[in-house]
Amino acid sequence: MIQAPKGTRDILPTDSYRWQFVECKARDVFSRFGYKEIRTPVFEHTELFARGIGDETDIVQKEMYTFQDKSNRSLTLKPEGTAGVIRSCIEHNLISQNSSLNLYYITSCYRYERPQAGRYREFNQIGVETIGSNSPYTDLEVISMAALFLKELGLNDVEISINNIGCQECRPKYITLLQKYLETIKYKLCDLCKERMYKNPLRVIDCKFCNSKKFFEDAPSIIDEVCKDCENHFEKVKKGLGDLGLKYSIDSKIVRGLDYYTKTVFELILTDENNNKSVICGGGRYDNLVKELGGTEVQGVGFAFGFERLLSALESKKINITCNDNPQLFIVSIDEKSQEFTNKLAFELRKLKIRVGIDNNGKSVKSQMRLANKLSANCVIVIGDEEISSKKGKLKIMQSEDDNKEIETDLDAEKIAELFKVNNDYN
Ligand code: AMP
């Protein structure tokens with residue numbers, strides 16, 4: 001039997017409504033902040049990610065699904081959402097200097113990682129990018145939007161961790177300090193980090209292998225080394241978070257695994273019942289990425305939520321997600337003649353926006369009733385000769401406390417649909 005590739009998952013019909021619920025909430029919250037959806041291709045030229053995410057990052061060095069197409073182009077399945085969005089905005093001239101472009105995306109991403117809980121090779125991200133503002137209030141708005149999204153999903157006890165990783169002006173000074181520190185612990189680092197500490201030492205800090213060994217506890221903090229401009233920017237973000245009543249903590253070890261970030265970086269962290277922490281969202285400001293990818297000098301801020309991690313948080317916090325896709329009405333037909341009548345009535349009702357279940361396979365009345373129950377149908381009507389000739393039927397309310405609650409109705413689609421519209425019990 002052929003199975004799904006390692007690190008991928010099927011989203012089954014019993015689960016897809018949970019995905020739809022989260023997607024709807026994202027669209028709802030983001031649209032209140034003036035964000036519109038963008039969809040970009042699943043694969044891009046490899047160079048986009050090498051330049052955008054950074055040659056020395058774990059993603060580019062170890063995790064990309066890269067392949068040659070039949071014309072020998074090097075293409076890569078997107079490992080994250082931002083680079084493709086920026087590429088698209090530049091290509092379609094969407095960016096202007098005087099107003100922010102506010103975008104969100106919901107996309108699958110691909111990283112060749114060791115699959116484990118909360119880490120897949122195909123996973124999904126919900127992200128936003130706002131391009132065209134260097135104001136700290138934009139950082140604030142983006143972080144607050146992420147927090148509100150979680151709150152409206154019912155995930156209240158989220159930790160917001162922020163850091164300031166400086167800009168191109170002040171970072172070189174820190175890099176020198178960090179390199180000096182790394183020299184002292186070089187013998188402990190993995191082979192790749194021994195090389196990276198000279199080319200891009202910041203990336204050593206988010207190496208999954210070295211970081212998990214707590215090698216960096218005494219490393220110098222970037223936040224202590226930033227310039228006045230970066231410091232002022234960060235102060236405004238912090239004050240704004242306080243003013244909005246959003247609790248945060250400063251974590252000077254957050255550098256994020258992508259090269260494009262500058263100034264504010266942040267993570268939203270949830271703790272499960274076993275006290276395991278999971279970074280559910282990561283983001284920050286990127287002041288040079290647009291230019292780096294061939295656009296004008298314009299700044300951006302964004303974040304990405306891991307969709308799978310959001311869903312497992314909803315599950316572990318036992319947040320109830322209701323699903324309104326059970327049949328409002330199941331029509332049982334007793335024989336082939338009534339089946340023809342049923343098919344017509346069902347089609348008319350479906351046109352009137354009622355969810356109707358029927359059986360097309362000649363099941364017995366008893367099996368059809370069992371099916372209606374299994375599908376959690378709200379009401380059932382049985383159609384036989386008598387109902388067809390009198391054009392009247394009995395609508396049995398299944399979800400009612402009174403087991404025998406039935407109401408007589410004309411077998412007319414408009415009349416039945418009206419009953420569903422006026423009576424919430426049946427919906
Ligand atoms: P990043 O693009 O690395 O900043 O990741 C943003 C978010 O995507 C993280 O906070 C995770 O929630 C999620 N994420 C990243 N990598 C994976 C993965 N391999 N599997 C599942 N979720 C992931």
Side-chain angles (χ1 to χ4, degrees), residues 4-11 19 22-23 26 40 44 48-49 52-54 56-65 76-86 104-129 142-143 145-147 149-150 153 155 158-163 165 202-203 205-209 211-212 251 253-262 264-272 276-286 289 300-316:
K6 194 171 168 187
T8 68
R9 296 195 320 169
D10 296 312
I11 300 165
W19 290 72
V22 173
E23 276 185 36
T40 64
E44 298 271 359
L48 176 76
F49 302 117
I53 300 170
E56 298 299 323
T57 57
D58 265 6
I59 295 180
V60 171
Q61 288 194 329
K62 303 189 207 164
E63 297 170 0
M64 294 207 303
Y65 277 90
T76 295
L77 301 184
K78 59 170 119 161
E80 54 93 62
T82 304
V85 169
I86 304 296
Y104 74 87
Y105 58 82
I106 301 175
T107 185
S108 52
C109 297
Y110 302 84
R111 293 185 194 170
Y112 193 80
E113 296 194 82
R114 203 162 62 78
Q116 50 189 287
R119 197 171 289 287
Y120 306 98
R121 291 184 172 169
E122 182 187 59
F123 62 100
N124 292 271
Q125 285 190 341
I126 300 181
V128 310
E129 312 295 344
V142 167
I143 299 172
M145 181 162 74
F149 172 50
L150 282 184
L153 282 173
L155 296 168
V158 61
E159 284 172 51
I160 303 176
S161 283
I162 55 173
N163 192 20
I165 60 166
L202 215 52
R203 293 285 69 87
I205 294 189
D206 46 42
C207 167
K208 286 186 190 93
F209 173 75
N211 200 352
S212 67
D251 179 351
K253 294 288 182 296
I254 302 177
V255 288
R256 308 287 314 138
L258 305 105
D259 268 357
Y260 49 64
Y261 288 121
T262 49
T264 318
V265 286
F266 60 91
E267 289 181 344
L268 271 56
I269 300 155
L270 284 171
T271 309
D272 69 14
N276 294 322
K277 288 188 184 296
S278 158
V279 178
I280 201 163
C281 170
R285 167 167 283 281
Y286 45 87
L289 180 63
V301 188
F303 65 64
F305 275 93
F307 209 138
E308 287 76 4
R309 292 190 198 180
L310 269 175
L311 286 168
S312 58
L314 290 171
E315 200 167 340
S316 80

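In listed order, ligands and their atoms are each counted from 1.
When Tyr120, Phe123, Trp19 are each tested for a ring pair (Phe, Tyr, Trp, His ring centres under 6.0 Å) with Phe307, only one passes: Trp19. Partner of Glu113 under the salt bridge (Lys or Arg N to Asp or Glu O under 4.0 Å) criterion, out of Arg121, Lys6, Arg119, Lys62: Arg119 alone.
Ligand 1 has no N or O atom lying under 3.5 Å from any N or O atom of Ala304, backbone or side chain. For a threshold of 3.5 Å applied to N or O pairs, the pair formed by Tyr120 and ligand 1 contains at least one separation below that value. For ligand 1, the polar-atom distance check against Glu308 finds no nitrogen or oxygen pair separated by under 3.5 Å.
Side chains of Glu122 and Tyr110: a donor on one and an acceptor on the other come within 3.5 Å.
Annotation for ligand 1: atoms under 4.0 Å from non-hydrogen atoms of Cys281 are 10 (O). Less than 4.0 angstrom separates some heavy atom of Glu113 from each of these atoms of ligand 1: 16 (N), 18 (C), 19 (N). Against a heavy-atom cut-off of under 4.0 Å, Ile280 is close to the following atoms of ligand 1: 10 (O), 12 (O).
Within the 4.0 Å heavy-atom criterion, neither part of Arg121 lies near ligand 1.
Scanning for ring pair (Phe, Tyr, Trp, His ring centres under 6.0 Å) contacts around Tyr286 gives Tyr260, with sequence neighbours left out. Among residues two or more places apart in sequence or in another chain, the salt bridge (Lys or Arg N to Asp or Glu O under 4.0 Å) test is passed with Lys253 by none.
Distance CE/Met64 to CD/Glu80: 10.0 Å, rounded to 0.5 Å.
Across the listed options Gly118, Gly306, Ala117, Gly118 owns the non-hydrogen atom lying nearest to atom 21 (C) of ligand 1.
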